[in-house]
There are 2 protein chains.
Amino acid sequence: MKVDGRHFRSIWLEPDGWSVGAIDQRRLPHDFVVARLTTGDAAVDAIRSMLVRGAPLIGATAAYGMALAMRADGSDAALDRAYKSLIAARPTAINLKWALDEMRSLLRPLPPAARAEAAYSRAGAIAEDDIAINQGIGRHGLALIESVAAAKKPGERVNVLTHCNAGWLATVDWGTATAPIYLAHDRGHAIHVWVDETRPRNQGASLTAWELGHHGVPHTVIPDNTGGHLMQHGMVDLVIVGTDRVTANGDVCNKIGTYLKALAAHDNGVPFYVALPSPTIDFTVDDGIREIPIEQRGPEEVSHMTGRTSDGRIETVRIVPDGSPVANYAFDVTPARLVTGLITERGVLKADRAALAAAFPERIAAAAE
Amino acid sequence: MKVDGRHFRSIWLEPDGWSVGAIDQRRLPHDFVVARLTTGDAAVDAIRSMLVRGAPLIGATAAYGMALAMRADGSDAALDRAYKSLIAARPTAINLKWALDEMRSLLRPLPPAARAEAAYSRAGAIAEDDIAINQGIGRHGLALIESVAAAKKPGERVNVLTHCNAGWLATVDWGTATAPIYLAHDRGHAIHVWVDETRPRNQGASLTAWELGHHGVPHTVIPDNTGGHLMQHGMVDLVIVGTDRVTANGDVCNKIGTYLKALAAHDNGVPFYVALPSPTIDFTVDDGIREIPIEQRGPEEVSHMTGRTSDGRIETVRIVPDGSPVANYAFDVTPARLVTGLITERGVLKADRAALAAAFPERIAAAAE
């Protein structure tokens, strides 16, 4: 999407034909900085340190990481090493495993000398596929927004609430939850987005607000505590969030706090949609609450906050008293019963086993193998 | 309660017999600073700027503010002026109006020269009454904690989740939601408190964590997004929050985000209690969601964050992109159907009209007048 009028993706092959460019998302929203990745280990670091984040972008970065590793050393040992270190970089993201399995099963049968070229080609295709999938999500989600807009008075805005960043920065382009929003906005619909700031890492305030603002989409940043009040007062027409993993039953693992918004939507009759590319569905898992391990991250994400001082310096401040312990669970699971629909590239599906199995029969077959 | 081993209240009459001391809560948790209020206008400023906050403490501060104003000028005009400016300092707090009405109806019939002394005496009594009420809340809430503890294995902790600061800093001493916690802890029960950080003003992280830590109560600070996940996994035994206003129907107006925790508690079978001194009940209001006006506060509370840098300076940083609007609703309303019980100084009551009317018949009669 657009940054200061110029089109960007979140990750790309540099003009040198081998190094990989990516927006350093840790520096947003205050600095727009591009990183250049030149090794497989750099890709591991980029994923682990959250220079890149978002399930689809993590998958694309891992694929390019395999290509960078194969360029340095195409051996079986190097392939295994790269797979192992990349998959350990973030434990919860299902796209990471999906992309790495794709890459490994492609590369393993090839002679070592042919692996780098094949890896770059497949990584590029994964990135293009992500964009095509998101555009599909956008078209299916657009229909939902247009049906809300049709019930409004002329000029009245459609209010969408979103949590975390499932925007173009979380994917290669367009985003998942934001694809319908960008499409509606670009087609001239009056749309406004309530952006949950999304503590503790503030991906909503720092990334979603930044990308919506740079693309020109009206939005308002709110504390995560606010959405229930807005829904009680009819100020939210629909919720659209992304997800890191959807189970075969339709349970949704997403950024911590998503479950609370789903409860509020349910309590107030507000439709709650989850936008996802189909690789995000994990047909090997049924009960999300019991089966998905939830990543715990470092305490400093909760105890400290980084921002820009009035004189332009980036500064980190402690906001919790010395000596007070903190806990930092990165995700929660929203049970399928609270989900109005899953917006996928194959249409808007009910969040249940039968609907998912009918839409993705080939995935069910593969999971059973 | 205790600060570094020494007993403090949140507000007190200084040894000079007329000026009023108060802990400057804007400086916590990084600096412990005491303010000295010497005029009625200083009390207005203290309430408006949130040097003092919390419904009961606001009431006590307003009462002392009337005393300070009467000391300077005991005339009818001064009485009306002090009432007007104090009541406008925070629009939502019901205790503010209650304390000011008490003071005005006491002072109005007195000759101007007698008003200051009577005002100080009544303000002192309001402070003492608050402490007695909170101790009553503590005893009734303790029974709830003890019944949870009785079902645990020996040594296993009772886990309480709380939102915002309904601690001793929000009252004159003991707190409302914290009174049962302090009492249980002081009696040797193993208790642990999950402290919601409570964006945007972080009263949980900066005040509740500070006061629990200084009194020695085990606790963990969590982002506001976390409570639902903890409840799904059996990590919360009960929720106890405070409130700024309870309606005659039992609807609970409290810090923004309380409603989301009540929904999660309901969805997971976790008891959700609200601790309150009875002046917090507003028998003139029925439907909290429709009738209670919700204060909107300044955008900088959302867009900026204040904390301590690694070299000890207090610094404020911007965390929202330039140009992104923010919204800052201070409270939300939890409908009575989600409330397990109201812990008052007269016992634990069902959150409904009949139970409240039975427990406070004199208030019902007064509201009907």
Side-chain angles (χ1 to χ4, degrees), chain A residues 28-30 194-195 197-200 202 205-206 209-210 212-213 219-230 232-233 255-261 263-264 267 289 294 302-310 314-329 331-333, chain B residues 28-30 194-195 197-200 202 205-206 209-210 212-213 219-230 232-233 255-261 263-264 267 289 294 302-310 314-329 331-333:
Chain A
L28 295 174
H30 305 298
W194 296 107
V195 179
E197 70 170 336
T198 320
R199 283 282 290 150
N202 285 34
S206 56
W210 182 87
L212 291 172
H219 65 283
T220 304
V221 176
I222 49 174
D224 301 307
N225 286 322
T226 310
H229 171 75
L230 298 178
Q232 281 179 326
H233 290 270
K255 187 58 52 185
I256 190 84
T258 301
Y259 167 52
L260 297 173
K261 292 303 137 60
L263 286 167
D267 199 45
I289 295 173
I294 299 297
V302 178
S303 59
H304 289 70
M305 182 78 84
T306 299
R308 199 191 58 208
T309 62
S310 55
I314 301 299
E315 183 92 71
T316 297
V317 296
R318 184 177 176 91
I319 55 175
V320 168
D322 290 322
S324 283
V326 308
N328 185 7
Y329 295 89
F331 303 95
D332 64 20
V333 173
Chain B
L28 295 174
H30 305 298
W194 296 107
V195 179
E197 69 170 337
T198 320
R199 284 282 289 150
N202 285 35
S206 56
W210 183 87
L212 291 171
H219 65 282
T220 304
V221 176
I222 49 173
D224 302 307
N225 286 321
T226 310
H229 171 75
L230 298 178
Q232 281 179 329
H233 290 270
K255 187 59 51 186
I256 191 83
T258 301
Y259 167 52
L260 296 173
K261 291 304 135 58
L263 286 167
D267 200 45
I289 294 173
I294 299 296
V302 178
S303 59
H304 289 70
M305 181 77 83
T306 298
R308 199 191 60 208
T309 62
S310 55
I314 300 299
E315 182 92 71
T316 297
V317 296
R318 183 177 177 89
I319 56 175
V320 167
D322 290 322
S324 283
V326 309
N328 185 8
Y329 295 88
F331 303 94
D332 64 21
V333 173

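Since this is a predicted model, take the numbers as computed values, not measurements. Just so it is clear: chains get the letters A, B, ... in the order the sequence lines come, proteins before strands, and each one is counted from 1.
Remark: A/Glu315 pairs with A/Arg313, B/Arg313 by the side-chain hydrogen bond (donor to acceptor under 3.5 Å, both in side chains) rule, at least two apart or across chains.
No part of A/Ile314 comes within reach of chain B, as not one of its non-hydrogen atoms sits under 4.5 angstrom from that chain. Contacts of B/Leu212 with chain A are absent, with no heavy-atom separation under 4.5 Å from either backbone or side chain. Looking at A/Pro325, the atoms closer than 4.5 Å to chain B (heavy atoms on both sides) sit in the backbone and in the side chain alike.
Most heavy-atom pairs under 4.5 Å with chain A, from the set B/Val326, B/Val195, B/Thr306, B/Asp332: that is B/Val326. Among B/Thr198, B/Thr226, B/Asn202, B/Thr258, the residue with the largest count of heavy-atom pairs under 4.5 Å with chain A is B/Thr226. Comparing A/His233, A/Lys255, A/Met305 by how many heavy-atom pairs each has under 4.5 Å with chain B, the most go to A/Met305. For the options B/Trp210, B/Tyr329, B/Trp194, B/Tyr259, heavy-atom pairs under 4.5 Å to chain A are most numerous at B/Tyr259. Of all the listed residues (A/Gly213, A/Ala209, A/Gly323), the one sharing the greatest number of non-hydrogen pairs under 4.5 Å with chain B is A/Ala209.
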Legend entry - A/Asp224 vs B/Arg199, side chain to side chain contact (heavy atoms under 4.5 Å, CB included): CA-CA, chis, key distance, verdict: CA-CA 8 Å; A/Asp224 301 307; B/Arg199 284 282 289 150; 5.9 Å; no
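Distance check, rounded to the nearest 0.5 Å: CZ of B/Arg308 to NE2 of A/His304 gives 7.5 Å. Of the inter-residue distances, the one linking B/Asn225 atom CG with A/Asn328 atom CG reads 10.5 Å to the nearest 0.5 angstrom.
B/Val221 approaches A/Ser324 most closely through the heavy-atom pair CG2-CB, 4.2 Å. Across all non-hydrogen atoms, the minimal contact from B/Ala327 to A/Ile222 is CB-CG2, 3.9 Å. Here the closest non-hydrogen pair linking A/Val320 and B/Ala205 is CG2-CB, 4.1 Å. Taking both residues in full, the closest heavy atoms of B/Val302 and A/Pro223 are given as CG2-CG, 3.8 Å, listed atom of the first, atom of the second, then distance.
Between B/Arg318 and A/Thr309, every side-chain heavy-atom pair lies at or beyond the 4.5 Å cut-off. For the pair A/Lys261/B/Leu260, a side-chain contact is recorded, criterion being any heavy-atom separation below 4.5 Å from C-beta on. A 4.5 Å side-chain heavy-atom check between A/His30 and B/Asp322 finds every atom pair outside the cut-off.
Proximity of a side-chain donor or acceptor of B/Gln232 to a complementary backbone N or O of A/Ile289 within less than 3.5 Å is not detected.
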